[in-house]
Amino acid sequence: MEKLRKVRGVHDLLPNELHNHNIVVNTGLKISDKYNYSQIEIPIFEFAEVFTKPLGKSSDIVTKENYIFKDRSEDELMLRPEGTSGVVRAFLNAGLVQDVPQRFSYCGPMFRYERPQKGRLRQFKQFGVECLGLSNSMADVEVISLGYDFLSQLSLLDKIDLKINTLGDLESRKNYKQALVNYLNDYQSKLSKDSLNRLSVNPLRILDSKNEGDKKIVENAPNIIEYLNSHSKRHFDDICIGLDHLNIKYTIDKNLVRGLDYYCHTAFEFTTNELGSQGTVLAGGRYDGLSKMLGGPDVPGVGWAAGIERLALMIQSNFDDKIDVALIARSENINYLLMPIMKKLVQTEIKSEIIYTGSLSKKFKRANKIRASYAIIIGEEEINKKLIRFKDMKLGSEEFLDLNQAIKKIKKIS
RNA sequence: GCGGGUGUAGCUCAGUUGGUUAGAGCGCGGGUUUGUGGUACCUGAGGUCGCCGGUUCGAAGCCGGUCACUCGCCCCA
């Protein structure tokens, strides 16, 4: 077995697990389409700077969690750790700046070299949406509403809370950062080691520290709301009003911040306490500066990404792998008669399996195991009558029918 | 990257203070049933006890290392 190890933090998706993933993705695609978000697909690797520039030099995603490698032409490439940067890059490359707003959805694998935990893998999948070209606060509301409906359709709303906050625009954030650092400087001796380090690198991150001592200090820290300029304040207020009008419940969490540099204004998170410490199930925000960081023009954007594995862990579904018909020949030398029958069934959208080997008893055991609703049996007697034997596996009843009659019976009930 | 827990059959787990051929249930194969499944009974296969090393007359159990999983931290979806 030693040789068959798989790489740490990656998962195989067997049919029953993949089934849940597909439910999540298909639900996302369907609801996004109704909001007029069109699915796109972009590469799973890019030039490293597509991610390093916008995500920020201080973010863990870039500094210690990246999968960076050089290809044969010595280009520095990176497996994508998130979707937004690549979507915006694609948007810019396609020249769609001329044609805004653009609304996209995407899904696929992301890569982060982290310590694996439940709901946290090194290769994991996200489903996300991005709305590009709108600075209007209603775009934020639209995107949150889409996320809300998505979770609603997965029947997860009662297990999930929505938290929102604002980071303000650049000016507001700069003022706030200064005030925060001034406040925290008085507590340097009491801050945790991590937070002390963040004080110079990314002080906002201290706000969502889970260290108990830090939490106490942060309780009385200045509130960003009070440092917002009028534009930022209005943007945030409008979002709250918009959500209120949709009856979407939320709590304002003044300590909710984002680790990535490109965020501004709105930050939001849908969280659950059912997944241990990996409680964030869908999160996003506004990223007006991202396009410029990539070297493009100023294009505002809002969006979110959801963890497909995390959602798949939460949804209730029973993987139903039963089939309509088991096809059985009485002896193996007439197996060739089964394939034409199967073809006919396939054409009428009936799902079947031919059971090729074993004694008749074994074949029925197999038919039972694959949970066939019916069995079609052929043998000498059936060939002579030019009919098939049709068995209802649930009732145990059998009758001689021609294939068309059997198809009608199968169709009627299934 | 840091700290705690776990690792025995395909799955869920027993296995006494270290003692001889390592167990159960489920699942899987064969049979009771040479033209009929589900239930029942009979029966069989499947383990280098995660891996490497050490202690010991003797290790699944102790010690060290390593790998994986898991929980928490960091971080994030």
Side-chain angles (χ1 to χ4, degrees), chain A residues 1-11 14 24 28 55 58-66 80-84 107-128 147 192-195 197-198 202 205 208-212 214 256-260 267-272 275-285 303-314 326 328-331 355 358-382 389 391-398:
Chain A
M1 280 320 245
E2 190 61 20
K3 288 232 168 105
L4 284 176
R5 278 168 53 214
K6 58 184 178 168
V7 173
R8 184 174 206 192
V10 303
H11 268 23
L14 269 25
V24 171
L55 294 174
S58 69
S59 77
D60 282 14
I61 289 186
V62 166
T63 55
K64 63 175 199 188
E65 295 174 2
N66 63 49
R80 63 184 185 190
E82 55 104 41
T84 306
C107 65
M110 306 294 165
F111 304 85
R112 263 125 85 160
Y113 189 88
E114 296 184 275
R115 181 91 173 233
Q117 261 177 249
K118 185 179 185 178
R120 188 173 72 187
L121 302 169
R122 287 185 175 177
Q123 176 177 336
F124 62 103
K125 293 193 289 186
Q126 288 188 333
F127 177 85
S192 67
K193 205 177 134 202
D194 283 327
S195 288
N197 181 39
R198 283 185 286 224
N202 193 350
R205 293 233 54 103
D208 65 353
S209 170
K210 282 173 194 163
N211 179 284
E212 286 303 319
D214 291 348
L256 173 66
V257 292
R258 316 257 68 197
L260 311 180
F268 59 89
E269 269 181 13
F270 288 87
T271 61
T272 178
L275 296 177
S277 63
Q278 263 56 59
T280 304
V281 114
L282 185 154
W304 51 254
I308 292 174
E309 286 80 2
R310 290 182 186 179
L311 291 171
L313 283 171
M314 291 184 75
I328 294 171
R330 289 207 138 124
S331 67
I355 300 172
S359 65
L360 196 56
S361 166
K362 285 289 152 202
K363 287 175 177 171
F364 273 96
K365 273 191 174 144
R366 168 76 188 168
N368 203 54
K369 192 182 144 197
I370 61 179
R371 307 203 299 138
S373 303
Y374 303 95
I376 286 176
I377 306 105
I378 55 168
E380 230 174 290
E381 187 185 355
E382 290 78 11
R389 188 185 287 256
K391 174 162 183 165
D392 184 318
M393 291 297 286
K394 205 166 186 177
L395 303 174
S397 60
E398 294 186 4

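Each chain gets a letter, A, B and so on, in the order its sequence line appears, and its residues count up from 1. Given the structure is predicted, the values throughout are model-derived calculations rather than measurements.
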Give every pair of a protein N or O atom and an N or O atom of nucleotides 30-34 of chain B that lie under 3.5 Å apart, one pair per line with the distance.
{"from": "B/G30", "atom 1": "OP2", "to": "A/Lys362", "atom 2": "NZ", "distance (Å)": "2.9"}

query = Over how many whole Å does the gap from A/Asn202 atom CG to B/C74 atom P extend?
reply = 14 Å
ask   = Side chain of A/Arg205, backbone of A/Val257: donor and acceptor closer than 3.5 Å?
value = no
Nearest listed nucleotide, side chain of A/Pro116, among B/C69, B/C74, B/A77 = B/C69
inquiry  = At 4.0 Å (heavy atoms only), tell me whether A/Gly276 reaches a base, stays on the sugar-phosphate, or touches nothing.
reply    = sugar-phosphate
Nearest listed nucleotide, side chain of A/Lys391, among B/C69, B/U36, B/A77 = B/U36
ask   = Closer than 4.0 Å, any side-chain N/O of A/Arg8 to the OP1 or OP2 of B/C69?
value = yes
key: From B/G38, B/A68, B/C73, nucleotide with atom closest to A/Asn368 side chain   = B/G38
query = Can you tell me if the side-chain N/O atoms of A/Arg205 get under 4.0 Å from OP1 or OP2 in B/C76?
reply = yes
request  = Return yes when atom CD of A/Glu380 has more than 12 non-hydrogen atoms of other residues, nucleotides or ligands closer than 6.0 Å, and no otherwise.
outcome  = no
message = Please give the stem ranges for RNA chain B, sorted by first residue number, where a stem is three or more consecutive Watson-Crick or G-U pairs and both donor-acceptor distances are under 3.5 Å.
response = B:1-7 with B:67-73, B:10-13 with B:23-26, B:28-32 with B:40-44, B:50-54 with B:62-66
request  = Whole angstrom is fine here: how far is it from CZ in A/Phe364 over to P in B/U39?
outcome  = 16 Å
query = Quick one: A/Lys118 NZ to B/C69 P, roughly how many Å, whole number?
reply = 15 Å
key: Main-chain N/O of A/Pro116 paired with A/Arg122 side-chain donor or acceptor, under 3.5 Å   = no
message = As a test of reading the structure: which of B/C71, B/G1, B/A77 is closest to the side chain of A/Tyr113, going by heavy atoms?
response = B/G1
Nearest-Å distance for atom pair NZ/C1', residues A/Lys6 and B/C69 = 10 Å
ask   = When all nucleic acid strands are considered with a 4.0 Å heavy-atom cut-off, which category describes A/Gly128: base, sugar-phosphate, or nothing?
value = nothing
